[in-house]
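The chains referred to below are lettered A, B, ... by the order of the sequence lines, with proteins before strands, and numbering in each begins at 1. Since the structure is predicted, the reported quantities are computational estimates derived from the model, not experimental observations.
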Number of protein chains: 2
Amino acid sequence: MRAAVIEIGSRDKILDAAEDLFSRRGFAGIGMREVADAVGLSKSSLFHHFSSKAELYAAVVGRILDIIDQRTMAALAIGGDVLTRFDRWLDTLMDTLAEHHNAGRLLLRSLFEDDELNGTSAEERHVDETIKHVFGAVSRLLQEGMQAGVLRKRSIPHVLQSLVGLTVYHFASGEFGEEMFGQSLFTPQLVRHRKDEVKALLHDGLMSGRARVTTKRGKGGSES
Amino acid sequence: MRAAVIEIGSRDKILDAAEDLFSRRGFAGIGMREVADAVGLSKSSLFHHFSSKAELYAAVVGRILDIIDQRTMAALAIGGDVLTRFDRWLDTLMDTLAEHHNAGRLLLRSLFEDDELNGTSAEERHVDETIKHVFGAVSRLLQEGMQAGVLRKRSIPHVLQSLVGLTVYHFASGEFGEEMFGQSLFTPQLVRHRKDEVKALLHDGLMSGRARVTTKRGKGGSES
DNA sequence: TTGACCACCGACCGATCGGACGGTATTAGC
DNA sequence: GCTAATACCGTCCGATCGGTCGGTGGTCAA
């Protein structure tokens, strides 16, 4: 009979520890020994669950990408007009990045390292597909807004880059960002503030004149 | 007598090679052996010029930070009203990032890794001071613009984060960004396009109504 | 009781890591 | 000619790297 208490499988415990470590010092900066010590297992046991270090890394990245994918897609699925869905998408993305402290940095890091770490394993293909899935959905949303005349006509790839830069980078900026704000990036009030600032900048910067009506600030997303 | 041809000192050749390698695989991902091979020297010779790997890394980061510092400060020193200086600052920053292909990625990487790689060496203190110098100048510019009523009143730390996210991240996004745009991030036309997009977003997003007059696009900065 | 499967382990492997050390060739100043 | 400094090199070191291998103890079905 399974224990009633929170029983976390070894595989997930490994992923948790590896996520923390990889996000802080990157793929090359972390040894399997260090991960094993953090979990409380032996190094050989890690290879029982993951066939290689690269596969463990891909699994870590894939897991948080799945969370982001699921959350942002669910946010879009609720419906509403383009602006409502866009705001909700932003809120959800930033809430997710705020909830998972390692997500931003891990994502940016993986974006840097997979230039050489490109493999063809199942996990790595899954990562690529998930990224495309997330970006595809928001691309279509932007396109819909531009065609409807509610968003300014801008280059979609550039807007995507700007979205990543405004959201993911901020939550990945670590000690640098914390020194700038004088507090942790993940305090509820700073998260709320960031969401407001990003949305305000994008409202004024992206919305066409006739769509930009009441930009109510401070009434953010679901949680944070 | 010194040779008339382009004579590059070994120290600079080491910095060049290390910049390239570190920007691609990070501090932990590169061994001194690899740097030495790229320069055409032996590993021991690197330790003749730099007392440790960490110092070499700090020297690499410090060098490109110095370039950015000098260029952006010179751009501000030319003068003009707040909006003119702000635009010129953006142009100069992005031109510099576009010229030095490794700069963006190296900067973001160093921002990530020095959370644990924080030292008290002379070079590392210089890096910190240079960063503060650059951000201090643009902070004062933003403040001036907000007080003059020509820029919307926004949280300056958040605007700084947004500036980094919109500029440095883009030029650091590597293969990921190139797949999105279908071309190298450093082609002249894409650089020009990015500068226009960022300036347009910030014009609409930051400028107060009465200041936002003729946002002429496509008439960017000095070079690229 | 047996055998298959599972999670896990210690010991070990060749390779590579950052770095120390001693030595050599060249140059400049005396 | 001697000395000092500079730039460079080969060799060696202890530690750590990712990964393999041969186990051990436990659980469950036959």
What is the per-nucleotide protein-contact pattern of nucleotides 19-25 of chain D, from the 5' end, where B denotes a base atom under 4.0 Å from a protein heavy atom, S denotes such proximity for sugar-phosphate atoms only, and - denotes neither?
-> BBB----

Heteroatom pairs (N/O) under 3.5 angstrom, protein to nucleotides 3-5 of chain D:
none

Answer with base, sugar-phosphate or nothing: what part of the nucleic acid does B:I30 contact at a heavy-atom distance below 4.0 Å?
-> sugar-phosphate

What's the CZ-P distance between B:R25 and C:dC17, to the nearest Å?
->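 About 10 Å, once rounded to whole Å.
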
In whole angstroms, the gap separating C1' of D:dT6 from NE2 of B:H49 amounts to 9 Å

Any Lys/Arg nitrogen of A:D16 or A:R11 sitting under 4.0 Å from an Asp/Glu carboxylate oxygen of the other?
-> no

Please determine if B:D37 and B:R33 form a salt bridge, counting it only when a charged side-chain N lies under 4.0 Å from a carboxylate O.
-> yes

Answer yes or no: does a side-chain N or O of A:H48 lie under 4.0 Å from OP1 or OP2 of C:dA7?
-> yes

Any A:S45 side-chain nitrogen or oxygen under 4.0 Å from OP1 or OP2 of C:dC8 |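 Negative; the distance criterion is not met.
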
Between B:F27 and B:Y57, is the gap from one ring center to the other below 6.0 Å?
-> yes

Taking it one step at a time, do A:H170 and A:F181 satisfy ring pair (Phe, Tyr, Trp, His ring centres under 6.0 Å)?
-> CA-CA 11 Å; A:H170 172 260; A:F181 291 103; 5.6 Å; yes

List the steps and the verdict of side-chain contact (heavy atoms from CB on, under 4.5 Å) for B:L163 and B:L90.
-> CA-CA 9 Å; B:L163 289 179; B:L90 281 169; 4.0 Å; yes

